[in-house]
There are 2 protein chains.
Amino acid sequence: MKLKELAEQLGLSQTTVSRALNGYPEVNEATRERVNKAALKFGYSANANARRLAMGRVGAIGIVVPIHSSERFGPHTSEFLSGLAERLSRDEIDFLITPLINNDEISAYKRLISSKRVDAMIVSHPSLVDERVAMLAEAQFPFVLHGRTNIDTPHAWLDIDNKGAFYQATSHLLDLGHKHIAMIDGLKGFTFSEHREEGYRDALTERGISIDPNFIVHDCFSDEIGFRETQRFLSLKPHPTAILAGSMMTALGVSRAIRAKGYQLGKEVSIIAHDDVFPYLNASNMVPAMTTTRSSIRSAGTRIAEMLVRLLDGEPPETIHEVWPVELILRQSSGPPVIPAK
Amino acid sequence: MKLKELAEQLGLSQTTVSRALNGYPEVNEATRERVNKAALKFGYSANANARRLAMGRVGAIGIVVPIHSSERFGPHTSEFLSGLAERLSRDEIDFLITPLINNDEISAYKRLISSKRVDAMIVSHPSLVDERVAMLAEAQFPFVLHGRTNIDTPHAWLDIDNKGAFYQATSHLLDLGHKHIAMIDGLKGFTFSEHREEGYRDALTERGISIDPNFIVHDCFSDEIGFRETQRFLSLKPHPTAILAGSMMTALGVSRAIRAKGYQLGKEVSIIAHDDVFPYLNASNMVPAMTTTRSSIRSAGTRIAEMLVRLLDGEPPETIHEVWPVELILRQSSGPPVIPAK
DNA sequence: CTGTTAGCGCATTCAT
DNA sequence: ATGAATGCGCTAACAG
């Protein structure tokens, strides 16, 4: 069923039917009523492509997801997308996921723009100097960045205080008396990863503790990495008495390795994990309950969707940015170091 | 830059340029070369909406994701989407995710069809009698079902042998000497959940073991549910000496509860989990390594994308369906029951 | 091999 | 308050 047919059925012009359906004020209420009823009855719904072609606006936002590295389409991504979806569905905005196999991200973004398939985009996982952001900002294409990057051109972004999170966590461990603290975080090059390491380093340096490169790991967020690297840590002399884990997945592996060694969490070895708040993996329910730096990635998604809508409503990008604080939540996996019984 | 402008630049007609770009055979190779080079130079890329309007084909497939239940947009979904993406990106097919807040799924599907935004759809999480499937099959709209349902109208689908998986797992535990076996699986009503329970029941019945409704749980897949329900199990007399977990998330919670009670996995209480194969959560790396029924949900996604492409190429839906076997992989979390030391 | 012409289905001027 | 006419940018018959 198309507009023309619907109009014929009703004995009205396409124009009037179109106006009635799109809520234009100059339509007689009775007519509108009649039109709406008929549309419902015939299951009419405008051809989105024709509509977009005519209006020049799409009603969809784009997101480019590299799919070969599990790092980028794992549980974090799905939680984030859920958050986005929650807000966007209210305005009936779809999102278009463009999978990316090779590494030519820039051209994927460019194609998405020039083919006019989306009104705006969301960019995730920025590096310190991110060429995607530079390009989009330069092109003045509306987008919101999840994370931060050092690009001068004004753009909208939302980030959490990753540096503060690891600074807080490290400082807390130092307060408890730990001298040897390790960290396992995400891949090097990403801003969040660099920021976290900065926080960690600052806290140590502030107390005059030298930094041991053997205690710093950057890799994917997974149970396996957590396990393997913790085993390595525990074979060192002296070994760390506390470990920061960049994700809950990592933390699971770290925990296993600690237990496998016969140590107790929060005793011989403490652990603080960054918790992005997964509904299916709850830090407070673990045994022992896990001390975490917490910030909901899902909420971030929702908020970013909100920012996107503001951007599309014409708000200038330079006024749209936020840094979210991260809470340190003390539970039982962190405590003063206990000397292992020989 | 639009087609017209590009054509003017080249001193050619729009038609020729269009044909050159779209790989039509009747174009002079030299001309094609020239056109392609110019397109690249000017960053031209066709307006997707105009293109779709003219062609009547979209180059995108749709997927409706209910977002309020974490059950439906969790790690399983993201792995599945990754798999889809892997195959679809080869044909430059995007996917459109339509978030769904209220429960009116049917009308969301109908709108997606009549607005011509997608060429085909993927339907997940069917119930035994699924009205979405009935509607789509009736409307002869191309779609592939992930899972199975009892609908007569021919349609394409891919499912794993859920019944066989739980049958195998249960039988194995019975072979080991277990008499009291519990299961924690997904929400009731979904086909996969029902099939699994069937497999479980069949195995027990076959050995003349009566079924205790207290030993059967249907709920979301999460660490928390696994933990809570296992605590409940272990407070029963007699309590189960083996537990089937419907997901790895559930299994994490089950494991914790077993350990919290002072039992060892594979000794006092055995566990077999269904493993959808998450890259960040590896059953063989757990301590003890986890016995699983394994079937990669990501591969299923890739295969379903493949089926979708065949469907769009005109293959009739009734010839497109597969049941994948599920492997039982024995590791250390399952063993003969050990009587707890008092 | 290339160009001319006519839609694809809708939103939107400009009339009335 | 309603209708007729125009164009969004592209593809595909139809001609040559």
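Note on naming: letters A, B, ... go to the chains in the order of the sequence lines (proteins, then strands), and numbering restarts at 1 for each one.
Boundaries of the chain A contact region on DNA chain D are dA1(D) to dG9(D), first to last in 5' to 3' order (nucleotide atom under 4.0 Å from a heavy atom). Taking 4.0 Å as the cutoff to heavy atoms of chain B, we find the contact window on DNA chain C bounded by dC1(C) to dG9(C).
Ala60(A) and Ile93(A) get closest at one heavy-atom pair: CA-CG2, 3.9 Å. Counting all heavy atoms, side chain and backbone alike, His146(B) lies closest to Ser124(B) at CB-OG, 3.8 Å.
Proximity of residues 22-34 of chain B to DNA chain D (heavy atom under 4.0 angstrom from any strand atom) is restricted to Asn22(B), Tyr24(B). Within residues 1-14 of chain A, the residues that have a heavy atom under 4.0 Å from DNA chain C are, in order of number, Lys2(A), Leu3(A), Gln14(A). Of the residues in residues 39-53 of chain A, those placing a heavy atom less than 4.0 Å from an atom of DNA chain C are Tyr44(A), Ala46(A), Asn47(A), Ala50(A), Arg51(A), in numerical order.
Gln140(A) CD: 12 or fewer foreign heavy atoms inside a 6.0 Å radius. Surrounding CG of Asp152(A) are at most 12 heavy atoms belonging to other residues, nucleotides or ligands under 6.0 Å away. Remark: Glu131(B) CD is loosely packed, at most 12 non-hydrogen atoms of other residues, nucleotides or ligands lying under 6.0 Å away.
The end-to-end axis angle of the helix from dC1(C)-dG16(D) to dT16(C)-dA1(D), rounded to 10 degrees and based on five pairs per end, is 30°.
Side chain to side chain, Ser296(A) and Arg298(A) fail the donor-acceptor criterion of an N or O pair below 3.5 Å.
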